[in-house]
Amino acid sequence: MLIKSAEYTISSARVEQCPAGTLPEFAFIGRSNVGKSSLINMLTGREHLAKTSATPGKTVLINHFLINGQQTTDNRQQTKSLSPRGEVGRGAWYLVDLPGYGYAKRSMQQREELERMIKGYILRREQMMNLFLLIDARHEPQRIDLDFIEWLGENGIPFSIVFTKADKLSRGKLGGNITHYLNELSKQWEELPPHFITSSETRQGQQELLNYIEEILEKC
Ligand code: GDP
């Protein structure tokens, strides 16, 4: 898939505030600092679309970006009125940047609010076609991610795993880590979710991910 346009649309604190209409959405989530903003920028070929930040855990909103909608201006009113599908043309979709979780410096109350926001979006946003769960390829499987994956499975949420920062590992170490991760998942899952290996530095995985999104869009 070619990304012809990518534009920030709106940031929402709750699922009710997300854009109206039924455009298909693809959401991205992961622990703070996993490389989510970098991946979104790499995928869309826009260097500053999602804000990479030196302060992990800062984004606590659901950010929508309209992809291939040929929207000309960053105008919230205009975007809100783009409700029925088709008005923005075929092939348009939303890329959704969900807040990073697992940031240690948040209070218990902030964490609970964040969890409610994230889970509310995932459970209630019917047009979310797939959730991409980002995992840092360098790390051992983390409890917080495994629990989240289990919750996705229990709730029948369509998701895939995206290993990030592949360039930071040698080929051998990378392969070993991925196999180790998938083996860990196999303990809970009969069938593994699709997975992608990516690097925002080398653009590894860009076409695979975009093609995967395109395949799903074609079935919509
Ligand atoms: P976010 O908090 O998940 O949005 O993470 P960011 O995209 O802001 O990335 C966190 C840090 O990891 C930044 O210093 C990025 O430059 C770095 N980073 C992200 N992706 C990659 C990657 O694919 N390769 C390398 N080498 N560094 C990365």
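A quick note: this is a predicted structure, and the numbers were derived from the prediction, not measured. For ligands, and for the atoms within them, numbers begin at 1 and follow the listed sequence.
With respect to the salt-bridge test (charged N to carboxylate O, under 4.0 angstrom), the residues R124 and E16 qualify.
Residue contacts with ligand 1, taken as heavy atom pairs separated by less than 4.0 Å, involve K168 solely via side-chain atoms from C-beta onward.
Aromatic ring centroids of F148 and Y101 lie under 6.0 Å apart. Aromatic pair F196/F163: centroids not less than 6.0 angstrom apart.
The ligand atoms of ligand 1 that sit less than 4.0 angstrom from a heavy atom of N33 are 1 (P), 2 (O), 3 (O), 5 (O), 10 (C), 11 (C). For ligand 1, the atoms sitting less than 4.0 Å from at least one non-hydrogen atom of S199 are 23 (O), numbered in the order shown with element in parentheses. Within the listing of ligand 1, atoms 6 (P), 7 (O), 9 (O), 15 (C), 19 (C), 20 (N) sit less than 4.0 angstrom from a heavy atom of S38.
Taking distance alone, with nitrogen or oxygen atoms compared against 3.5 Å, S37 approaches ligand 1 more closely than that limit. Taking distance alone, with nitrogen or oxygen atoms compared against 3.5 Å, K51 stays at or beyond that limit from ligand 1. For the pair L39 and ligand 1, the shortest N or O to N or O distance does not fall below 3.5 Å. Ligand 1 has no N or O atom lying under 3.5 Å from any N or O atom of S32, backbone or side chain. Annotation: V34 places an N or O atom under 3.5 Å from an N or O atom of ligand 1; distance criterion only.
In this structure, T164 falls outside the shell of residues with a heavy atom less than 4.0 angstrom from ligand 1.
Side-chain contact, T164 with D136: no donor N or O sits under 3.5 Å from an acceptor N or O. One side chain, Y121 or E25, offers a donor N or O that lies under 3.5 Å from an acceptor on the other. Judged by distance alone, the side chains of S200 and N41 never bring a donor and an acceptor atom under 3.5 Å apart.
For the side-chain contact (heavy atoms from CB on, under 4.5 Å) with N177, the qualifying choice from L169, I197, L182 is L169, the only one to do so.
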